[in-house]
There are 2 protein chains.
Amino acid sequence: MKENLDNLLPASEEGFYPIRTVSEVTGVNAITLRAWERRYGLFKPERTPKGHRLYSQQDILRIQQVLQLLEKGVSIGRVSNALKNETELEDLADITMQSNSGKTLNKNSHNKNNDNELTKQFKEAPSEDQWKTYSEKLLDAVNSYDLEQLERLHHEIFSLYPLEIISRSLLRPVLTDLRNQAEQLQSLSGNYHFYWQFLQQRIGGLFLKSTLQNRGKKILLMAYGDSKANVELMLFGLPLLTHGYRVVVLGSDIPFDAIPMTLSRAGSDALIIYSAAPVSQASPESDQGGSTQTTEMMVSIKAVADSLKMPVFIAGEHSEAESKELDETNLVQLTDSAIEQLKVIDATLSKE
Amino acid sequence: MKENLDNLLPASEEGFYPIRTVSEVTGVNAITLRAWERRYGLFKPERTPKGHRLYSQQDILRIQQVLQLLEKGVSIGRVSNALKNETELEDLADITMQSNSGKTLNKNSHNKNNDNELTKQFKEAPSEDQWKTYSEKLLDAVNSYDLEQLERLHHEIFSLYPLEIISRSLLRPVLTDLRNQAEQLQSLSGNYHFYWQFLQQRIGGLFLKSTLQNRGKKILLMAYGDSKANVELMLFGLPLLTHGYRVVVLGSDIPFDAIPMTLSRAGSDALIIYSAAPVSQASPESDQGGSTQTTEMMVSIKAVADSLKMPVFIAGEHSEAESKELDETNLVQLTDSAIEQLKVIDATLSKE
DNA sequence: ATCATGTTGTACAGATATTGTATAAGGAAG
DNA sequence: CTTCCTTATACAATATCTGTACAACATGAT
């Protein structure tokens, strides 16, 4: 799974970069780089037949980690140990990730003890206030518009924890934080947009790639309401991706009239309609209008669901509000929990 | 000169180019080209019966890929391996972007005719009604919601032609087509959104990756008006990416008040404000209101540009409309042509 | 405080590699 | 005949390699 989802960044696993390039990129003198290697063995770049060093992208990443530690005040001599610790952690995480991906395969195919596995996977969330630390780091990176750092952090996080948890425990809260910040202090709204765009690009790529690689059933994902909901929509859809479904994001501006045609063409197995958090309630014009609009929406959704021959799920904020009205055959309501969502979806779709 | 043209044109029709042409187009000294071929086997152009080299379009592409890698910092001796690696990875993350990076080399070698190079490169667009064929194929794929086919097509196109040309000659027209289609027949709007999302994810990933790898100056890219402008914005920004700039997309909803703060934090070298095509004029409420709003916008932009200490470019539809008002020190207007845009931006930023 | 020792970035020197370009001698194109 | 292209060899300017050394500074013991 790590391999699959994560190599958005590592353009070249092998070493291609000569020392001058690495020196330029990292800002570390070439002489110093050699000294570090010789003295502390911080990295072991490949060599050409004639002995010239060939650094890989990962080597560069390591060097940047070293620099981060240096900034923190760790002396270069100790960095070696610190790094060892971290890589041990990573290796552990790799193992858990792999077991996860193993589950992924099971999911769509035959699998009885869904419950245990799923639950276990989520309970094993190796998180505490660690998320706080990450959250702060992310906000720092956003604050200084440091794209490299942002990528580095996400790279690390994505390779350490399951996407489901990251989405819920870190990315969504951080994004919400930034949005609130932006609403309070308009001059900071650049931060929100910066991170929003980053996530859009980062996770968007992930989506495309995973959906192309996955073999599971095809789920269409759309939102209504906030047109800025794209990223939220994708964050919501991440768990589906990691469980093997092919998820096609359709965004938030599709008129309901177009849905039947779209679905029949797309050959999908299910539709999920997601309502973003009502946030700033978008248009400040109508407060009650909003609610009537919502119920109107619900009526439309029902109609659509009725006319379709496939399961339709709804998720997001509305679900609680009008939960009782929903008892259609193929209109299923999703709770807020990713575990539950997956259980319900798996169950419903395996009936087909 | 005549002779040159005569030589150039018939040759280009057949798709074979003598070495001098290739040298001019790519900016690589003919001697060097031969050396690369001999020493590293980077390409093996056809030969005339008497042994003269005949480069195909593909060969030129190869060379441009090489240049791309050189710009990334790979040493020429390793490019061969890097290329092998890249072609092995039929990986979304490894979309090879070809296009000139002659600038780098030009600085090393002495080269006068920058102008010619750029112009020629664009004129040589290996396109005719070939774009029509592609366009139809794309529309077919969208129509049947065939993500795999869509990806296959883009992969092929992206690896065959320079992104600048693809963006202008294919992607933008197709997207516009779909939008018009959607406006006329609402039930087809799913198609538009499907392709929109695809491009968002596909090109978004490209953006992130390239911006992380590029070393050039940092350009912030924002739009105003249509909030669906993200994809258009990115399509507009593609040429910048392929020319080594780091391009940070900020989207379309940033209030002007937030710009100064954002720019000072982001440490960018320039700002580009892009106005999407007025399309369906978004809100059908105010027609005249729209224009006053636009001029208001212009005033704001001017104010912002004045207060900033970096070049501010504006591009898109408005530029023609109010072109005459713009004579600020650091507010530069971009024409519709990617060549011109790049020339102007390069020139302005190299002054800094 | 003093002296010894360790750390760390950088410098130097001599050898080898890399890489763009130059030259020479001859064939090909027009 | 002149210009371009071919190959092969050569060359010069950098880059990089290794190993040793040094200077600035920190640590620690006497």
Side-chain angles (χ1 to χ4, degrees), chain A residues 15-55 59 63 66-67 69-83, chain B residues 1-11 14 16-55 59 63 66-67 69-71 73-82 101-111:
Chain A
F16 298 125
Y17 301 100
I19 198 169
R20 66 171 177 283
T21 302
V22 179
S23 173
E24 275 174 33
V25 168
T26 61
V28 181
N29 194 323
I31 298 177
T32 309
L33 280 177
R34 283 191 278 259
W36 284 0
E37 180 185 341
R38 172 170 24 96
R39 303 214 257 238
Y40 318 109
L42 291 180
F43 28 77
K44 24 158 196 160
E46 303 283 317
R47 299 299 188 106
T48 71
K50 301 300 181 53
H52 282 203
R53 271 162 257 253
L54 291 177
Y55 292 82
D59 291 323
I63 294 170
V66 170
L67 288 177
L69 288 180
L70 284 188
E71 267 182 29
K72 278 187 194 169
V74 181
S75 78
I76 185 67
R78 320 279 148 178
V79 161
S80 168
N81 296 324
L83 266 183
Chain B
M1 208 51 185
K2 244 184 190 175
E3 289 169 2
N4 279 341
L5 275 181
D6 282 344
N7 284 339
L8 196 76
L9 288 180
E14 292 175 20
F16 287 117
Y17 308 81
I19 197 169
R20 69 172 180 287
T21 305
V22 178
S23 172
E24 282 172 23
V25 168
T26 60
V28 181
N29 193 321
I31 297 180
T32 308
L33 279 177
R34 283 191 278 261
W36 283 0
E37 181 184 341
R38 171 170 24 96
R39 301 214 257 238
Y40 317 110
L42 292 180
F43 31 77
K44 26 173 186 172
E46 300 289 315
R47 299 298 187 106
T48 69
K50 300 301 176 49
H52 283 204
R53 270 163 258 253
L54 289 179
Y55 291 83
D59 291 323
I63 295 170
V66 169
L67 290 175
L69 286 178
L70 284 188
E71 213 179 52
V74 179
S75 67
I76 186 65
R78 307 298 128 198
V79 161
S80 164
N81 296 323
S101 43
K103 282 183 295 178
T104 316
L105 278 182
N106 291 348
K107 277 168 193 165
N108 283 343
S109 57
H110 25 47
N111 199 322

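The figures here come from the full heavy-atom set of this structure, side chains too, leaving out hydrogens, waters and symmetry mates.
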> Would one find a side-chain N or O of Tyr40(B) under 4.0 angstrom from OP1 or OP2 of dT19(C)?
Replying inline: yes
>> Within this structure, what is the OG-CZ distance for the pair Ser80(B) and Phe43(B), rounded to the nearest 0.5 Å?
In response: 11.0 Å
> Excluding sequence neighbours, so at least two apart, what forms side chain to side chain donor-acceptor pair (under 3.5 Å) with Glu24(A)?
Replying inline: Arg215(B)
> Side-chain contact, heavy-atom cut-off 4.5 Å: Leu70(A) with Ile76(A)?
Replying inline: yes
>> By nearest heavy atom, map Ile76(B) and Gly77(A) onto DNA chain C; which one lands nearer the 5' end?
In response: Gly77(A)
Quick test: give all pairs of protein nitrogen or oxygen and nucleotides 12-14 of chain C nitrogen or oxygen below 3.5 Å, distance rounded to 0.1 Å.
none

> Which residues satisfy the side chain to side chain contact (heavy atoms under 4.5 Å, CB included) test with Thr48(B), sequence neighbours excluded?
Replying inline: Lys50(B), His52(B), Leu54(B)
> Which whole-number value in Å describes the distance from Leu33(A) CG to dC17(D) P?
Replying inline: 10 Å
> If you check every side-chain atom of Thr32(A), which of dC5(D), dG9(C), dA15(D) has the closest atom?
Replying inline: dG9(C)
Do any N or O atoms of the protein come closer than 3.5 Å to N or O atoms of nucleotides 22-26 of chain D, and which pairs are they?
none

>> Under 4.0 Å from OP1 or OP2 of dG20(C): is there any side-chain N or O of Trp36(B) that close?
In response: yes
> Roughly, in whole Å, what's the span from OH in Tyr17(A) to P in dT16(D)?
Replying inline: 16 Å
>> Ignoring hydrogens, what is the shortest heavy-atom contact between Ser23(A) and Ala30(A)? Give both atom names and the distance.
In response: OG-N, 3.5 Å
>> At less than 4.0 Å, is any side-chain N or O atom of Arg20(B) found next to OP1 or OP2 of dC4(D)? Yes or no.
In response: no
> Under a 4.0 Å heavy-atom cut-off, which of residues 41-53 of chain B touch DNA chain D?
Replying inline: Arg47(B), Gly51(B), His52(B), Arg53(B)
> Are Val22(B) and Asp59(B) side-chain neighbours, meaning at least one heavy-atom pair lies under 4.5 Å?
Replying inline: no
> In whole Å, what is the span from the CG atom of Leu70(B) to the C1' atom of dA15(D)?
Replying inline: 15 Å
> Atom CG of Asn29(B) to atom C1' of dT19(C): distance rounded to whole Å?
Replying inline: 12 Å
> Which pair of heavy atoms, one from Pro18(A) and one from Gly73(B), lies closest together, and at what distance?
Replying inline: CD-O, 3.1 Å
> Rounding to a whole Å, what distance do you find between Arg38(A):CZ and dA21(D):P?
Replying inline: 13 Å
> Leu67(A) has an atom CG; how far is it from atom C1' of dG9(C), in whole Å?
Replying inline: 14 Å
Let me check something: any side-chain donor-acceptor pairs from residues 31-42 of chain A under 3.5 Å, sequence neighbours excluded? List them with distances.
residue, atom, partner, partner atom, Å
Glu37(A), OE1, Arg53(A), NH1, 2.7
Glu37(A), OE2, Arg47(A), NH2, 3.4
Glu37(A), OE2, Arg53(A), NH1, 3.3

>> Looking at every heavy atom in both Leu67(A) and Thr26(A), which two are closest together, and how far apart are they?
In response: CD1-O, 3.4 Å
> How many Å lie between CD1 on Ile19(B) and C1' on dT6(D), as a whole number?
Replying inline: 10 Å
>> Using five base pairs at each end to define the local axes, how bent is the helix from dA1(C)-dT30(D) to dG30(C)-dC1(D), to the nearest 10°?
In response: 30°
>> In whole Å, I'd like the distance from the CZ atom of Arg78(B) to the C1' atom of dT18(C).
In response: 9 Å
